[in-house]
Protein chains: 2
Amino acid sequence: MSVQAISYKDKKVISIGDVSKITGITERQIRYYEERELIFPKRTERGTRKYSFGDIERLMDIIEKREDGVQTFEIRQDLLKKERRLDGKKFQVI
Amino acid sequence: MSVQAISYKDKKVISIGDVSKITGITERQIRYYEERELIFPKRTERGTRKYSFGDIERLMDIIEKREDGVQTFEIRQDLLKKERRLDGKKFQVI
DNA sequence: CGTGTAAGGAATTCTGACACG
DNA sequence: CGTGTAAGGAATTCTGACACG
């Protein structure tokens, strides 16, 4: 129930060109969000970025926030908060 | 229960090079199986083939059969039989 | 029948930079 | 800060063909 096999959602196999078409934003923006550490594609041996469907969902979320005027810095903050919450559950202090 | 939204499994977004790496067979073989109508990738505007995870599963199946000495012709026959069975359920003759 | 290979062209992706603001 | 663009190089993919068997 808690442990789940990695599904297709998390396999990083989509090229940036396709991600751009699917999400509707430019490759430049996608690369910038990576630079700002909001998204983490895999790299092939050659250096090509590969994204998962999960990454695309995350991107959709980022796009929405950006449209609401949220800065990448703030989006990153929220991300870190979430991670800390997850850590808390793993190493719960009593 | 019967109708299901198209999941990530059926989104055709994987390039032939990645399919080759994932399945372990050459691009030549993958293209040949398409020529023999065993597999049906999508084409981008430019003409690049795009495969889904479902396509990859199907390929794995084809590879196994080929290793057992089954010819592409026979594999295709089985495919058509399956389709007919499905059709039978849709247009059942009484 | 099933697969390898060399050939040439066209589209993709990458990085670092300059630009505007 | 967030995004556009031109630049040049490197890797990808495509098709049609010849080869072996």
Side-chain angles (χ1 to χ4, degrees), chain A residues 11-56 58-81, chain B residues 11-56 58-81:
Chain A
K11 286 280 276 182
K12 293 179 187 272
V13 293
I14 313 176
S15 312
I16 194 167
D18 292 320
V19 174
S20 171
K21 278 175 208 151
I22 295 172
T23 59
I25 61 177
T26 66
E27 300 182 8
R28 179 69 167 96
Q29 289 174 297
I30 299 171
R31 292 196 190 98
Y32 181 67
Y33 296 154
E34 175 184 358
E35 192 184 318
R36 302 298 296 173
E37 296 181 274
L38 301 183
I39 194 158
F40 309 92
K42 196 186 78 178
R43 293 289 186 127
T44 64
E45 326 75 60
R46 183 204 144 200
T48 306
R49 293 170 176 83
K50 293 293 179 182
Y51 303 82
S52 67
F53 286 111
D55 288 332
I56 289 178
R58 182 193 280 282
L59 265 179
M60 298 297 214
D61 204 68
I62 295 172
I63 293 167
E64 203 173 314
K65 286 184 179 156
R66 283 291 303 134
E67 282 171 351
D68 291 345
V70 184
Q71 294 196 328
T72 57
F73 172 80
E74 304 172 76
I75 300 179
R76 173 140 177 72
Q77 292 306 305
D78 290 350
L79 224 74
L80 292 177
K81 272 184 207 159
Chain B
K11 286 279 276 180
K12 294 180 187 273
V13 293
I14 314 176
S15 312
I16 194 166
D18 291 322
V19 174
S20 171
K21 277 174 208 152
I22 294 172
T23 60
I25 62 177
T26 66
E27 298 182 10
R28 179 69 167 96
Q29 289 173 298
I30 298 171
R31 292 195 190 100
Y32 181 66
Y33 296 153
E34 175 185 358
E35 191 185 320
R36 303 296 296 169
E37 297 182 273
L38 301 183
I39 193 158
F40 310 91
K42 195 186 79 176
R43 293 290 186 124
T44 64
E45 326 75 61
R46 181 204 146 199
T48 306
R49 293 169 176 83
K50 293 294 179 182
Y51 302 83
S52 67
F53 287 111
D55 289 332
I56 288 179
R58 182 194 279 283
L59 265 178
M60 298 297 214
D61 204 68
I62 295 172
I63 293 167
E64 203 175 311
K65 286 185 180 157
R66 284 290 304 132
E67 282 170 351
D68 291 346
V70 184
Q71 294 196 329
T72 58
F73 172 80
E74 305 172 76
I75 300 178
R76 172 138 178 74
Q77 292 307 304
D78 291 350
L79 223 75
L80 292 177
K81 272 183 205 160

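Proteins come first, then strands; the chains are lettered A, B, ... in the order of their sequence lines, and each starts at number 1. Heavy atoms only: backbone and side chains are in, while hydrogens, waters and symmetry mates are out.
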Whole Å only: how far is the [atom1] atom of [X] from the [atom2] atom of [N]?
| X | N | atom1 | atom2 | value |
| --- | --- | --- | --- | --- |
| B:Glu35 | C:dT3 | CD | C1' | 11 Å |
| A:Leu59 | D:dT3 | CG | P | 11 Å |
| B:Glu34 | D:dG16 | CD | P | 12 Å |
| B:Ile63 | C:dG2 | CD1 | C1' | 14 Å |
| A:Tyr32 | D:dG4 | OH | C1' | 13 Å |
| A:Ile30 | D:dG2 | CD1 | C1' | 14 Å |
| A:Arg31 | D:dT3 | CZ | C1' | 12 Å |
| B:Arg43 | D:dT13 | CZ | C1' | 10 Å |

Between A:Tyr51 and A:Pro41, what is the shortest heavy-atom contact and its length? CE2-CB, 3.4 Å
For B:Leu59 and B:Ile39, the nearest pair of non-hydrogen atoms, with its separation, is CG-CD1, 3.2 Å
Check: A:Ser52 side chain, A:Gly54 main-chain N or O, donor-acceptor pair, under 3.5 Å: yes
Check whether any side-chain N or O of B:Arg49 sits under 4.0 Å from OP1 or OP2 of D:dT13, and answer yes or no. no
Would you tell me if any nitrogen or oxygen in the side chain of A:Tyr33 comes within less than 4.0 Å of OP1 or OP2 on D:dT3? yes
Does any nucleotide pair with D:dA17 by Watson-Crick or G-U wobble geometry, both distances under 3.5 Å, and what is it? C:dT5
Return the pairing partner of D:dT12 with a 3.5 Å limit on both distances, Watson-Crick or G-U wobble; otherwise return none. C:dA10
Taking NZ in B:Lys50 as the centre, count heavy atoms belonging to other residues, nucleotides or ligands within less than 6.0 Å. Is the count above 12? yes
Can you name the one residue among B:Asp61, B:Ile62, B:Ile63 that meets side-chain contact (heavy atoms from CB on, under 4.5 Å) with B:Lys65? B:Asp61
Report the residue from B:Arg58, B:Arg28, B:Arg49 that forms a salt bridge (charged side-chain N to carboxylate O under 4.0 Å, His left out) with B:Glu34. B:Arg49
Does one side chain, of B:Arg46 or B:Thr44, offer a donor that lies under 3.5 Å from an acceptor on the other? no
For B:Tyr51 and B:Arg28, take the nucleotide of DNA chain D holding the closest heavy atom to each; which residue's nucleotide lies nearer the 5' end? B:Tyr51
Sugar-phosphate means primed atoms, P, OP1 and OP2; the rest is base. With that split, encode nucleotides 7-12 of chain C 5' to 3' as B, S or - using protein heavy atoms under 4.0 Å. ---BSS
